[in-house]
Amino acid sequence: MREVLVIGGNRYFGKRLIARLLAAGDRVTVLNRGSAPPPPGVIQLIADRDDEASLAAAVGERTFDVVVDQVCYTPRQAAIARRVFTGRTARYVMTSTVEVYEYEDADEPLGEDVLDPAAVIVTPELPWQDPEFVAAHYGEGKRQAEAVFAAGGSFPQVAVRAAHVLGGADDFTGRLAHYADRIRAGEPVAVAVPNRPATYIDVEEIADFLFWVTRQDFTGAVNAASHGPLGTEDIVAAVATALGGEARPVRYQPVEVGAVSPFSFARSYPMDTARAQSLGFTFSHTKDWLTRAVTETLGSN
């Protein structure tokens with residue numbers, strides 16, 4: 001029986017990861033602020049991860065075979081976690097994001113080495129305690145968090161750079177609902193100029209991948225994405241199909257400056273998953289699950 005700690009994990013693919021860990025016979029502990037009860041069979045620790053004393057007190061003398069950090073968004077959070085978990089875990093898995101590549105613009109898939117965490121400048125003096133600042137600097141926060149863990153040498157660590165996640169009736173983001181609402185109302189969908197494709201992954205597949213990573217021994221960054229980048233039009237078409245008879249012709253409104261729809265990107269930074277594949281994990285293709293994932297999320301909405 002392995003001891004696994006999941007930081008966060010109350011919702012979406014975190015819940016699915018926990019279910020897989022339990023099914024495999026692991027003893028699972030979840031650490032969060034206590035806003036929701038843990039799943040049956042899971043130990044709960046309550047702490048504010050931004051408060052080092054609170055986090056250290058909650059962890060106490062416990063040790064873990066693996067820590068999976070689902071909610072590390074800033075270099076400050078990473079530095080606190082590195083100090084608290086030094087000597088308390090044999091492996092640390094941070095859920096990162098495709099958005100660490102947001103400054104790239106490429107037609108060919110990008111390998112992990114495009115972003116070297118050792119070259120990232122860490123700026124702890126920025127207002128990382130401000131939720132609005134963190135939300136506006138999501139990719140940068142993840143980049144710097146990766147850099148803090150990679151520089152620490154405190155424990156073997158992995159950064160899972162996850163593509164945009166789709167699927168699940170419990171998708172809380174409202175991104176697909178945005179498109180459904182626009183189509184129903186006959187309103188245009190705002191898209192960037194230029195409007196570039198992006199990489200995606202099914203909610204079940206990212207849970208599978210994270211579970212698989214907890215059972216491996218490699219370290220460093222690894223990309224996680226289904227094959228087949230998607231453009232805004234691909235996602236909108238899937239939404240229109242899910243709406244069935246309610247769907248109307250879709251109009252697009254190019255926007256050079258200002259807000260665009262949730263899955264519209266002016267840069268392209270598709271991820272190369274050759275490293276994961278060489279280590280033994282095979283990803284699906286977006287065409288295998290896109291329609292199901294969109295229908296699942298929209299449900300009766």
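Starting from 1, each residue takes its place in the sequence as its number. As a basis for the values below, the full set of heavy atoms in this structure was taken, side chains included, without hydrogen atoms, waters or symmetry mates.
Taken together through direct or relayed side-chain contacts under 4.5 Å among Ile, Leu, Val, Met, Phe, Trp and Tyr, Val148 and Val84 form parts of separate hydrophobic clusters. Cluster annotation: Val100 is not connected to Tyr138 through the hydrophobic network of ILVMFWY side chains, with a link wherever side-chain heavy atoms come within less than 4.5 Å. Hydrophobic clustering (side-chain heavy atoms under 4.5 Å, transitive across Ile, Leu, Val, Met, Phe, Trp, Tyr) keeps Val134 apart from Val122. By the rule that hydrophobic residues join a cluster once side-chain heavy atoms approach within less than 4.5 Å of another member, Val239 and Val191 end up as members of one cluster. By the rule that hydrophobic residues join a cluster once side-chain heavy atoms approach within less than 4.5 Å of another member, Val165 and Val236 end up as members of separate clusters.
Asn195 places none of its side-chain heavy atoms less than 4.5 Å from the side chain of Tyr252. Contact annotation: the side chain of His164 never approaches that of Ile201 to less than 4.5 Å [non-hydrogen atoms, C-beta and beyond]. Residues Val68 and Ile7 have side chains not in contact (no heavy-atom distance under 4.5 Å, counting atoms from C-beta outward). Side-chain atoms of Val4 and Asp65, non-hydrogen and from C-beta on, never get closer than 4.5 Å to each other. Residues Tyr73 and Val71 are in side-chain contact: their nearest non-hydrogen atoms beyond the backbone lie under 4.5 Å apart. Between Leu55 and Ile80 there is a side-chain heavy-atom pair separated by less than 4.5 Å. A heavy-atom distance below 4.5 Å is not found between the side chains of Val255 and Val193. With a 4.5 Å cut-off on side-chain heavy atoms, Arg62 and Leu5 do not count as touching.
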Under the ring pair (Phe, Tyr, Trp, His ring centres under 6.0 Å) criterion, do Phe155 and Phe85 qualify, and how do the steps go?
CA-CA 8 Å; Phe155 33 64; Phe85 289 102; 7.4 Å; no

Check against side chain to side chain contact (heavy atoms under 4.5 Å, CB included), Thr232 and Ile235:
CA-CA 5 Å; Thr232 309; Ile235 294 174; 5.8 Å; no

Set out, in order, the CA-CA distance, both residues' side-chain angles and the distance that settles salt bridge (Lys or Arg N to Asp or Glu O under 4.0 Å) for Asp50 and Arg33, then state yes or no.
CA-CA 11 Å; Asp50 290 305; Arg33 293 186 178 185; 3.5 Å; yes

Apply the test side chain to side chain contact (heavy atoms under 4.5 Å, CB included) to residues Val160 and Met94: give CA-CA distance (whole Å), side-chain angles for both, the deciding distance (0.1 Å), then the verdict.
CA-CA 6 Å; Val160 174; Met94 171 193 162; over 6 Å; no

Verdict with reasoning, Tyr12 to Thr173, per side chain to side chain contact (heavy atoms under 4.5 Å, CB included)
CA-CA 10 Å; Tyr12 210 31; Thr173 65; 5.6 Å; no

Apply the test side chain to side chain contact (heavy atoms under 4.5 Å, CB included) to residues Phe281 and Thr273: give CA-CA distance (whole Å), side-chain angles for both, the deciding distance (0.1 Å), then the verdict.
CA-CA 9 Å; Phe281 193 93; Thr273 57; over 6 Å; no

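Between Asp26 and Arg215, at least one side-chain nitrogen of the basic residue sits less than 4.0 Å from a carboxylate oxygen of the acidic one, meeting the salt-bridge criterion. Checked for salt-bridge contact, Glu204 and Arg16 meet the test: a charged N lies under 4.0 Å from a carboxylate O. The pair Arg275-Glu112 does not count as a salt bridge, with every side-chain nitrogen at least 4.0 angstrom from each carboxylate oxygen. The pair Arg196-Asp107 meets the salt-bridge criterion, since a charged nitrogen lies less than 4.0 angstrom from a carboxylate oxygen. Ion pairing between Asp170 and Arg11 fails under the 4.0 Å rule for side-chain N and carboxylate O.
The distance from the CD atom of Gln144 to the NE2 atom of His137 is 10.0 Å, given to the nearest 0.5 Å. The distance from atom CG of Leu31 to atom CZ of Arg49, rounded to the nearest 0.5 Å, is 8.5 Å. Atom CD1 of residue Ile206 and atom OH of residue Tyr200 lie 15.0 Å apart, to the nearest 0.5 angstrom. Asp105 contributes atom CG, which lies 6.0 Å from atom CZ of Arg267 (distance to the nearest 0.5 angstrom). The distance from the CG atom of Leu166 to the CG atom of Asp202 is 8.0 Å, given to the nearest 0.5 Å. For the atom pair CD1 of Ile18 and CG of Leu210, the computed distance is 11.5 Å after rounding to the nearest 0.5 Å.
Across every non-hydrogen atom of Val59 and Phe64, the tightest pair is CG1-CE1, 4.3 Å. Nearest heavy atom pair, residue Asp234 against residue Pro229, reads OD2-O, 4.5 Å. Scanning all heavy atoms of the two residues, the minimum distance from Thr199 to Ala225 falls at CB-CB, 4.1 Å. Residue Gln253 comes nearest to Pro188 through the heavy atom pair OE1-CG, 3.5 Å, listed as atom of the first residue, atom of the second, then distance. Annotation for Ala78 and Ala145: closest pair CB-O, 3.7 Å, computed over non-hydrogen atoms. Here the shortest heavy-atom pairing between Gly167 and Thr297 reads C-OG1, 3.3 Å.
Between the side chain of Ser261 and the backbone N or O of Val189, no donor-acceptor pair lies under 3.5 Å. The backbone N or O of Gly168 sits nowhere less than 3.5 Å from a side-chain atom of Asp171 that would complete a donor-acceptor pair. Side-chain atoms of Asn223 come within 3.5 Å of backbone N or O of Leu110 as a donor-acceptor pair. Looking only at distances, no side-chain donor or acceptor of Asn32 sits under 3.5 Å from a matching main-chain atom of Gly8. Thr214 places a side-chain N or O within donor-acceptor distance of the main-chain N or O of Phe211, the cut-off being under 3.5 Å. Judged purely by atom type and a 3.5 angstrom limit, Thr29 has no side-chain atom pairing as donor or acceptor with the backbone of Gln44. With hydrogens and angles disregarded, no donor-acceptor distance shorter than 3.5 Å links the side chain of Thr74 to the backbone of Gly141. Between the side chain of Arg251 and the main chain of Gly186, a donor-acceptor pair closer than 3.5 Å is present. Although no hydrogens or angles enter the test, the distance criterion places a donor-acceptor pair under 3.5 Å between the side chain of Ser268 and the main chain of Ala106. For the pair Ser264 (side chain) and Val260 (backbone), a donor-acceptor distance under 3.5 Å is absent.
The aromatic rings of His227 and Phe283 sit perpendicular, their planes meeting at an angle over 60°, well past the 30° parallel limit. Between Phe265 and Phe263, the angle of the ring planes lies from 30° to 60°, which puts this pair in the tilted group. Ring geometry, Phe149 versus Tyr92: the interplanar angle falls from 30° to 60°, so the pair is classed tilted.
Legend: residues meeting side chain to side chain contact (heavy atoms under 4.5 Å, CB included) with Gln216, ordered by chain and number and at least two apart, are Arg91, Trp212, Phe218.
For Glu125, the CD atom counts as densely surrounded, since its 6.0 Å shell holds more than 12 non-hydrogen atoms of other residues, nucleotides or ligands. Around atom CZ of Arg27, no more than 12 heavy atoms belonging to other residues, nucleotides or ligands sit under 6.0 Å away.
With hydrogens and angles left out, the side-chain atoms of Ser226 and Glu205 include a donor and acceptor closer than 3.5 Å. Between the side chains of Glu3 and Thr63, no donor-acceptor pair of N or O atoms lies under 3.5 Å.
Across Arg161, Lys142, Arg143, a single residue satisfies salt bridge (Lys or Arg N to Asp or Glu O under 4.0 Å) together with Glu102, and that is Arg143.
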